[in-house]
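These notes are about the structure you will find just below.
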Amino acid sequence: MSKLMSSSHVVKVGIADLKVTKAPNTIRTSGLGSCVGVVIYDERKKVAGLAHVLLPDSKLARQNNFNHYKYADTAIPLLVEQLSSLGARSNLLKAKVAGGAQMFQFSSGSDMMRIGPRNVESVLEKLKQLSIPVLASDTGGNAGRTIEFDLQTSLLKVRTVNKGETFI
């Protein structure tokens, strides 16, 4: 195997998308405002996946043929399925979560406008249903985030607008 092929690279995940990868790669998504980045990984097998969740519940979809990666309730089970196909063991999966900001303030206080907090609640509920422990999270607030997960160290780098970087 050539040196070029064995080197790591960054797997980029778009909005309403998900991808899986193996070490030594890292996996990244940006544009997390009210969206939530969900990293699920198997530390021993060094495999991880990232879903960029846009909305909390697929019941919000207006058509039958919708993007399953867009919603917390459909993306997370699909992510677990793809991780299993890479050799991850479901009983050893762990999660880290970031995003879910309240990007805009609305005077109505309508629950429908609480998209960021509702996304976080939906993600955490789905992970609980699947018995996947959340080891760390950086959610809420009112600033956007970019996240990058390092499969070698299991650290999630969170870069928050106007706040800098933290590792969780």
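The figures here come from the full heavy-atom set of this structure, side chains too, leaving out hydrogens, waters and symmetry mates. Heads up: numbering here begins at 1 and tracks the sequence. It should be emphasised that the depicted structure is a prediction, and the values quoted were computed from it without experimental measurement.
Under the side chain to side chain donor-acceptor pair (under 3.5 Å) criterion, Lys94 pairs with Glu43, sequence neighbours left out. Considering only residues two or more places apart in sequence or on other chains, Lys126 meets the side chain to side chain donor-acceptor pair (under 3.5 Å) condition with Gln129. Asp150 pairs by the side chain to side chain donor-acceptor pair (under 3.5 Å) definition with nothing, not counting sequence neighbours. Among residues two or more places apart in sequence or in another chain, the side chain to side chain contact (heavy atoms under 4.5 Å, CB included) test is passed with Ser122 by Pro56, Ala72. Residues passing the side chain to side chain donor-acceptor pair (under 3.5 Å) test with Ser34: none are found, sequence neighbours excluded. Taking Glu81 as the reference, nothing meets the salt bridge (Lys or Arg N to Asp or Glu O under 4.0 Å) condition, with sequence neighbours excluded. For the salt bridge (Lys or Arg N to Asp or Glu O under 4.0 Å) test, no residue two or more places apart in sequence or in another chain qualifies with Asp73.
Summarising the hydrophobic clusters (Ile, Leu, Val, Met, Phe, Trp, Tyr; side-chain heavy atoms under 4.5 Å, direct or chained), the residues clustered with Val36 are Leu18, Val20, Val38, Ile40, Val47, Val53, Tyr69, Ile76, Leu78, Leu79, Val80, Leu83, Leu86, Leu93, Val97, Val120, Val123, Leu124, Leu127, Leu130, Ile132, Val134.
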With salt bridge (Lys or Arg N to Asp or Glu O under 4.0 Å) as the criterion, how do Arg118 and Glu125 come out once you've worked through the C-alpha distance, each side chain's angles and the decisive distance to 0.1 Å?
CA-CA 10 Å; Arg118 287 175 48 232; Glu125 179 59 33; over 6 Å; no
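Distance check, rounded to the nearest 0.5 Å: NZ of Lys45 to CG of Leu151 gives 14.0 Å. Atom NE2 of His52 and atom CD1 of Ile15 lie 4.5 Å apart (nearest 0.5 Å). The distance from atom CD1 of Ile168 to atom CD1 of Ile147, rounded to the nearest 0.5 Å, is 8.0 Å. For the atom pair CZ (Arg159) and CD (Glu165), the distance works out to 6.0 Å, reported to the nearest 0.5 Å.
Side-chain atoms of His68 come within 3.5 Å of backbone N or O of Phe66 as a donor-acceptor pair. Between the side chain of Lys46 and the main chain of Gln152, a donor-acceptor pair closer than 3.5 Å is present.
Val11 and Leu156 fall within the same hydrophobic cluster, defined by Ile, Leu, Val, Met, Phe, Trp and Tyr side-chain heavy atoms under 4.5 Å apart, directly or through other members.
A 4.5 Å side-chain heavy-atom check between Thr29 and Thr146 finds every atom pair outside the cut-off. Taking 4.5 Å as the limit, every side-chain heavy atom of Ser137 sits out of range of all side-chain heavy atoms of Lys96. For the pair Asn25 and Val10, the minimum side-chain heavy-atom distance is 4.5 Å or more.
The ring-ring contact (aromatic ring centres under 6.0 Å, His included) pairs that include a residue from residues 144-167 are Tyr41-Phe149, where partners are two or more places apart or lie in different chains. The salt bridge (Lys or Arg N to Asp or Glu O under 4.0 Å) contacts involving residues 84-93 comprise Asp42-Arg89, where partners must be two or more places apart or lie in separate chains. Identified under the salt bridge (Lys or Arg N to Asp or Glu O under 4.0 Å) test for residues 12-38, with sequence neighbours left out: Arg28-Glu148. Here salt bridge (Lys or Arg N to Asp or Glu O under 4.0 Å) pairs that include residues 127-142, with residues two or more places apart or in two chains, are Asp138-Arg145.
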